[in-house]
*Asks:* 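Once you've had a glance at the structure underneath, I'll fire off some questions.
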Amino acid sequence: MKKSKLISVTAVLLAFILAGVILIGVGAGTIIKDKKFTETAVRMNAYVSTAMLPDNSRQYVLWYVYDNETYQPEYIFKEDDYIGKEITVYFTKDAPEKIFIETETAYYILLYVGIAVAAVSAVVLCAVWISVEKNKYILKNGQTELVRIEQIVDVIGGRKILCDSTKIRGRNASPFKSKTIKEKLPKEVINSAVTVYYLPKHKSFYYIDTNTIKIKDGAK
């Protein structure tokens, strides 16, 4: 991978990791804050009913009794499932009219999405850099051999070249496979030579230098 492309890929993945961390912070921070509040707040059972307004629309009525006084704080319910049921509400003794019911589902979604985005991005970033460092090590410490291109196969995101490995003892004729190439290669490169770098003691670690493929002018 070219240095400029590596920098771009790294920057994008780091941006995704940062975005995931921010989502985790917002979601987890809100959930923890709400949990701490419910642990110290007054807990009461409240009841939900509806009232008809002059314009024939319905209004939810939430009420509860605390310290011999009835409270009907305004609270917007998004579903009719709450009607006629008991709901646990939380509030402070100093402000019993200001209630908290439960952490909104959106914050749990933010938390889980953030974890997924950060985790996947981190795994991909590690895989990219491991691959880069592995190729650097092979290029520096490996042996080289010219091998024959046997086949070009289409894969997701481009194509790969498969090369003959019978020259390398210990490979058991298992073909060398290149990294994914986005450029379209002409059929004329089949049976031509390409340089492969490999570790003598670990022949499953190799790197095909696709830049050594010689393409004739006018080849299609």
Side-chain angles (χ1 to χ4, degrees), residues 1 3-134 155-158 179-180 182:
M1 183 181 293
K3 187 175 180 180
S4 59
K5 185 177 180 180
L6 178 62
I7 293 173
S8 299
V9 170
T10 300
V12 170
L13 291 173
L14 287 175
F16 273 104
I17 293 173
L18 178 61
V21 171
I22 292 174
L23 293 178
I24 292 172
V26 173
T30 302
I31 293 169
I32 292 172
K33 181 191 71 174
D34 292 346
K35 182 175 178 59
K36 287 183 177 180
F37 176 78
T38 57
E39 289 176 350
T40 58
V42 177
R43 175 175 177 171
M44 292 286 297
N45 286 331
Y47 304 88
V48 181
S49 58
T50 57
M52 296 298 295
L53 299 179
D55 61 357
N56 292 325
S57 63
R58 289 193 303 175
Q59 179 184 28
Y60 290 103
V61 178
L62 173 70
W63 62 274
Y64 54 92
V65 178
Y66 174 69
D67 200 17
N68 296 321
E69 185 173 349
T70 300
Y71 292 89
Q72 292 185 357
E74 293 184 2
Y75 195 89
I76 298 175
F77 291 94
K78 298 178 181 179
E79 299 178 5
D80 291 339
D81 294 342
Y82 290 103
I83 299 175
K85 294 184 179 180
E86 291 184 358
I87 295 179
T88 301
V89 297
Y90 301 88
F91 53 83
T92 62
K93 294 180 180 179
D94 297 333
E97 72 284 356
K98 297 180 180 180
I99 63 169
F100 168 79
I101 291 182
E102 60 183 6
T103 304
E104 293 185 13
T105 305
Y107 291 107
Y108 287 96
I109 294 175
L110 285 178
L111 174 62
Y112 298 139
V113 170
I115 292 173
V117 170
V120 171
S121 301
V123 169
V124 174
L125 182 61
C126 289
V128 168
W129 275 96
I130 287 173
S131 176
V132 169
E133 293 302 318
K134 182 191 75 173
V155 295
I156 297 175
K179 63 181 181 180
T180 301
K182 291 188 177 181

*Asks:* Indicate the atoms forming the closest heavy-atom contact of Pro96 with Asp94, along with that distance.
*Replies:* CD-C, 3.6 Å
*Asks:* Under the ring-ring contact (aromatic ring centres under 6.0 Å, His included) rule, collect the residues that match up with Tyr107, sequence neighbours excluded.
*Replies:*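 In terms of ring-ring contact (aromatic ring centres under 6.0 Å, His included), with neighbours along the sequence ignored, Tyr107 is linked to no residue.
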*Asks:* Please enumerate all residues that pass side chain to side chain contact (heavy atoms under 4.5 Å, CB included) together with Leu111, with sequence neighbours excluded.
*Replies:*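 Testing Leu111 for side chain to side chain contact (heavy atoms under 4.5 Å, CB included), a comparison that skips the adjacent residues, returns Ile24, Ala28, Ile31, Ile115.
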*Asks:* Roughly how far, to the nearest 0.5 Å, is CD1 of Ile101 from CD1 of Ile87?
*Replies:*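 If we round to the nearest 0.5 Å, Ile87:CD1 and Ile101:CD1 are 5.0 Å apart.
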*Asks:* At their closest point, which heavy atom of Val65 faces which heavy atom of Met44, and how far apart are they?
*Replies:* O-CE, 2.7 Å
*Asks:* Mind listing the closest non-hydrogen atom pair of Pro73 and Glu97 along with its distance?
*Replies:* CB-O, 3.3 Å
*Asks:* For residues 9-38, which residue pairs pass the side chain to side chain donor-acceptor pair (under 3.5 Å) check, not counting sequence neighbours?
*Replies:* Thr10-Trp129, Asp34-Thr103
*Asks:* Can you name the residues that form a side chain to side chain contact (heavy atoms under 4.5 Å, CB included) with Leu18, not counting sequence neighbours?
*Replies:* Ile22
*Asks:* Got more than 12 heavy atoms from elsewhere within 6.0 Å of OH, Tyr66?
*Replies:* yes
*Asks:* Any salt bridge (Lys or Arg N to Asp or Glu O under 4.0 Å) involving residues 110-133? Give me the pairs, sequence neighbours left out, ordered by first then second residue.
*Replies:*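 Sorted result for residues 110-133: Glu133-Lys136.
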*Asks:* Parallel, tilted or perpendicular, judged at 30° and 60°: which one describes the rings of Tyr64 and Tyr71?
*Replies:*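 Plane angle under 30°, so parallel.
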*Asks:* What residues, two or more places apart in sequence or in another chain, satisfy side chain to side chain contact (heavy atoms under 4.5 Å, CB included) together with Val124?
*Replies:*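 Side chain to side chain contact (heavy atoms under 4.5 Å, CB included) list for Val124, sorted by chain: Leu13, Val120, Val128.
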*Asks:* Would you mind reporting whether Lys98 and Phe91 have side-chain heavy atoms less than 4.5 Å apart?
*Replies:*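 Counting from C-beta outward, Phe91 and Lys98 never come under 4.5 Å.
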*Asks:* Where is the tightest heavy-atom contact between Val89 and Ala46, given as atom of each residue plus distance?
*Replies:* CG1-CB, 3.7 Å
